[in-house]
A.B. asks: 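Input: one structure, supplied below.
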There are 2 protein chains.
Amino acid sequence: MLIVQKYGGTSVGTLERIDEVAKRVIENKKAGNDLVVVVSAMSGVTNQLIEYAEYFAKNAPQDRDMDMLLSSGERVTSALLSIALNAKGYPAISLSGRGAGITTDTSATKARIKSIDTKNIDEALKDGKIVVIAGFQGVNEHGQVTTLGRGGSDLSAVAIAGALKADLCEIYTDVDGVYTTDPRIEPNAKKLEKISYDEMLELASMGAKVLQNRSVELAKKLNVNLVTRSSFNHNEGTLITGEENMTNMEDVVISGIALDKNQARVTMRSVLDRPGTSAEIFKALADKNINVDMIIQNAGQKDGTTNLGFTVPQNEVDSARAVVEKYASSVEFDSDVVKVSIVGVGMKSHSGVASVAFSTLAAEGINIEMISTSEIKISIIVAAKYGELAVRALHKAYKLDA
Amino acid sequence: MLIVQKYGGTSVGTLERIDEVAKRVIENKKAGNDLVVVVSAMSGVTNQLIEYAEYFAKNAPQDRDMDMLLSSGERVTSALLSIALNAKGYPAISLSGRGAGITTDTSATKARIKSIDTKNIDEALKDGKIVVIAGFQGVNEHGQVTTLGRGGSDLSAVAIAGALKADLCEIYTDVDGVYTTDPRIEPNAKKLEKISYDEMLELASMGAKVLQNRSVELAKKLNVNLVTRSSFNHNEGTLITGEENMTNMEDVVISGIALDKNQARVTMRSVLDRPGTSAEIFKALADKNINVDMIIQNAGQKDGTTNLGFTVPQNEVDSARAVVEKYASSVEFDSDVVKVSIVGVGMKSHSGVASVAFSTLAAEGINIEMISTSEIKISIIVAAKYGELAVRALHKAYKLDA
């Protein structure tokens with residue numbers, strides 16, 4: 001098999017940890033696999049470099065200099081891992097993003113990958129070498145180093161796996177995989193063996209921070225079989241793959257319950273109910289880069305107005321307030337809420353999923369303040385104090401602890 | 001003027017120091033100059049990276065991985081200085097060795113510069129930008145990062161100054177310039193205003209470690225006017241230039257006195273005095289990479305043998321012993337010696353320089369154990385205990401304190 005492995009910051013956080021990673025890579029090599037290993041900066045390094053920059057510029061600039069600065073962390077780790085592998089008798093070579101053939105657009109500090117020329121990787125693999133690649137970076141059409149933004153090393157790994165048509169792309173972090181819900185809230189949470197790209201996208205955007213959405217979206221697009229697992233043990237991880245690869249899909253209705261404590265509810269009262277008003281409001285919010293999540297608009301009232309509800313991240317409440325106040329007679333902001341989401345591709349073909357949620361929450365005396373549904377997700381806003389109770393009750397109701 | 005400045009590790013050793021460097025660069029920019037600034041890694045960083053590598057491989061490898069590893073330090077400094085300059089309102093851009101167009105040969109960890117394509121530098125200068133370049137590195141014909149070995153950032157600066165035909169190449173360190181002798185030995189040592197390339201080469205090889213010889217040799221070859229000065233004050237430094245630029249050369253007979261405590265004297269007795277023997281011995285030493293410095297061979301004795309004396313660095317005594325023992329009836333090694341060197345281009349046209357040295361040392365009761373002379377240098381081996389006394393006496397005798 002050709003395996004792309006990616007090790008995150010905590011997995012390579014110390015020299016001892018890098019040594020452990022080297023041993024694990026060698027185990028995989030010994031088992032007869034070809035290995036391409038993408039590494040992050042040692043944990044803390046990137047933040048330290050940002051602090052350095054902020055010593056000079058209060059807000060770290062988003063330019064070529066930051067690309068040059070931040071890309072250095074991953075280069076160090078890739079060199080060290082390659083040195084470790086060579087020292088253990090396993091020929092390896094370290095490549096920068098440029099060396100790995102990763103071409104990006106010209107955006108500074110958050111470039112997007114355009115293409116990968118795998119020539120250098122192919123050659124090294126043909127020579128029997130383990131290829132170690134500095135994640136998080138590429139090179140633009142002007143030959144300048146670029147960086148890919150937060151989660152960039154995952155993106156590097158997925159893109160390389162796609163370009164190489166690798167059998168597997170393993171993302172190593174300090175967690176075992178994707179759980180049915182946060183085990184700190186529900187000790188009976190189970191690790192999922194498999195989950196579809198779409199389910200993962202819904203879970204990730206709601207606080208299950210194993211993988212960033214950009215990486216899952218890219219994996220879906222390139223049809224890369226992603227595995228998230230821990231570098232601190234040898235437990236099996238969770239395979240994130242296409243729905244077509246999900247066996248027994250009919251049986252699995254719900255994959256997980258997510259809790260997002262970062263949302264605030266906005267209620268706009270007596271908004272003029274005529275075509276284009278909502279569009280105008282949400283365009284104004286988008287222009288200020290405010291991330292609107294759930295949107296609820298009820299049927300209009302007799303006085304020609306309507307109430308409009310939506311959620312925004314809590315730290316964007318003030319910006320949102322400035323934008324929307326002129327559109328309503330009054331606007332209420334409530335940060336004392338949480339969003340509980342029920343996710344599962346099985347939902348598509350099963351009725352009654354929503355009614356289980358309603359009856360479960362009712363039985364616990366939890367009032368539903370907002371609700372929105374999609375094909376594979378039901379999201380519910382409840383008072384913050386009920387958040388964890390709601391997660392545990394729903395986890396049990398959908399038999400996720402079975 | 002177009003000025004290339006190079007700041008060494010202690011000059012950029014902390015964020016505060018980098019800020020000071022930014023201010024100094026801006027002073028020069030405000031004065032109407034075009035500025036290209038080459039930076040080293042922050043002091044300690046390169047050694048730390050080497051220690052990291054040695055955690056995995058007892059002797060840090062000399063390969064591509066080390067190039068990748070070590071080149072990161074200078075990249076960080078260049079990005080930070082550029083960020084600092086931009087934040088202060090002076091447009092700047094950071095370039096890696098590759099970005100600066102520095103092409104080297106393919107040797108890992110000690111590459112030699114082959115050529116410089118100044119296109120990117122020229123463009124940035126034309127845009128009015130201050131160009132900040134990561135020293136110590138380039139790129140080979142395969143597109144891989146290379147590093148230039150110890151003192152590599154000085155080399156980068158000199159090579160860039162040569163390629164740009166810069167008016168001046170200033171090398172900033174934590175010392176004020178080149179002195180007539182080590183001020184710790186002779187408090188009356190004077191800083192030299194000017195010194196020729198050749199004199200500097202002789203002084204540098206003998207312990208005046210302001211600049212490495214590779215850089216001075218390159219400056220001489222490219223006819224670059226080098227200035228060494230301190231980044232910790234605004235004192236004038238020392239200009240290192242061609243003899244043709246030395247005014248009043250006739251008056252200056254001796255430029256400085258150097259003390260080298262690292263030499264050991266080897267005396268081989270009863271070496272067979274026939275053609276080819278010396279060549280064989282010194283070839284054998286060269287094959288083991290032993291750096292032979294002074295060589296003295298007296299006229300042969302009546303028994304067809306001769307005594308052969310030379311000096312080697314003290315840490316190479318054991319290697320030298322293994323090589324030479326078979327060539328002589330007995331070999332003596334004496335590490336309890338020092339080498340005192342008198343350097344000056346004026347020596348060429350002035351007789352009597354050597355006799356001053358002899359009479360000065362004799363007056364102090366210092367026995368000369370070996371002596372060798374060149375056009376611009378007289379080197380004398382004396383017992384270690386007399387080293388500093390000899391330096392002070394000669395410094396006074398040649399009126400260097402005047």
Side-chain angles (χ1 to χ4, degrees), chain A residues 14-16 18-19 22 41-42 45 48-61 63-88 91-96 98-99 101 119-120 123-124 132-134 139 142-145, chain B residues 14-16 18-19 22 41-42 45 48-61 63-88 91-96 98-99 101 119-120 123-124 132-134 139 142-145:
Chain A
T14 63
L15 300 178
E16 292 78 8
I18 293 174
D19 202 54
M42 295 169 77
V45 167
Q48 189 186 38
L49 292 172
I50 292 172
E51 277 173 32
Y52 282 3
E54 288 174 344
Y55 177 87
F56 301 107
K58 203 179 167 193
N59 296 308
D63 61 9
R64 295 280 147 249
D65 292 332
M66 281 306 276
D67 286 335
M68 171 81 89
L69 182 70
L70 297 183
S71 60
S72 66
E74 283 73 15
R75 297 168 74 99
V76 167
T77 320
S78 68
L80 291 176
L81 180 57
S82 180
I83 289 168
L85 291 167
N86 280 303
K88 291 177 192 296
I93 183 174
S94 58
L95 297 175
S96 65
R98 180 196 307 267
K119 186 171 66 77
N120 288 346
E123 271 178 26
V132 184
I133 297 172
V139 60
H142 305 303
Q144 296 162 320
V145 171
Chain B
T14 63
L15 300 178
E16 292 78 8
I18 292 173
D19 202 54
M42 294 169 76
V45 167
Q48 188 185 38
L49 291 172
I50 292 172
E51 277 173 31
Y52 282 4
E54 287 174 346
Y55 178 88
F56 301 108
K58 204 179 165 192
N59 296 309
D63 60 10
R64 295 279 147 248
D65 292 332
M66 281 305 278
D67 285 337
M68 173 80 90
L69 183 69
L70 298 183
S71 59
S72 66
E74 283 74 13
R75 297 168 75 98
V76 167
T77 320
S78 67
L80 291 176
L81 179 57
S82 181
I83 289 168
L85 290 166
N86 280 302
K88 290 177 193 297
I93 183 174
S94 58
L95 297 175
S96 65
R98 180 196 308 268
K119 185 170 66 76
N120 288 347
E123 271 177 25
V132 185
I133 297 172
V139 59
H142 305 302
Q144 297 162 320
V145 169

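Letters A, B, ... mirror the listed sequences (proteins, then strands); counts begin at 1.
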A.B. asks: Counting only non-hydrogen atoms closer than 4.5 Å, does B:V132 touch chain A with its backbone (N, CA, C, O), its side chain (CB onward), both, or neither?
C.D. replies: neither
A.B. asks: Would you check if the side chain of B:T77 reaches a backbone N or O of B:G73 as a donor-acceptor pair within less than 3.5 Å?
C.D. replies: yes
A.B. asks: With sequence neighbours left out, what residues match A:V45 under side-chain contact (heavy atoms from CB on, under 4.5 Å)?
C.D. replies: A:A41, A:M42, A:L49
A.B. asks: Tell me, for A:N86 versus chain B, whether the close heavy atoms (under 4.5 Å) come from the side chain, the backbone, both or neither.
C.D. replies: side chain
A.B. asks: Check whether A:L70 gets within reach of chain B through its side chain, its backbone, both or neither, counting any heavy atom under 4.5 Å.
C.D. replies: neither
A.B. asks: Would you say B:S72's side chain and B:L69's backbone share a donor-acceptor pair under 3.5 angstrom?
C.D. replies: yes
A.B. asks: So which part of B:S96 gets closer than 4.5 Å to some heavy atom of chain A, the side chain, the backbone, both or neither?
C.D. replies: both
A.B. asks: For chain B, which of A:R64, A:Q144, A:E16 has the most heavy-atom pairs under 4.5 Å?
C.D. replies: A:E16
A.B. asks: Kindly give the heavy-atom pair with the smallest separation between A:M66 and A:I50, and that separation in Å.
C.D. replies: CE-CG1, 4.2 Å
A.B. asks: Which pair of heavy atoms, one from A:I93 and one from B:D65, lies closest together, and at what distance?
C.D. replies: C-OD1, 4.1 Å
A.B. asks: Mind ranking B:H142, B:R75, B:K88 by heavy-atom pairs under 4.5 Å with chain A and telling me who comes out on top?
C.D. replies: B:R75
A.B. asks: Among the options B:S94, B:S78, B:A87, pick out the one with the most heavy-atom pairs lying under 4.5 Å from chain A.
C.D. replies: B:S94
A.B. asks: Only distances under 3.5 Å count here; give the side-chain donor-acceptor pairs of residues 51-58 of chain A to other protein atoms, sequence neighbours excluded, each with its distance to 0.1 Å.
C.D. replies:
unit_1 : atom_1 : unit_2 : atom_2 : d
A:Y52  : OH     : A:Q48  : NE2    : 3.4

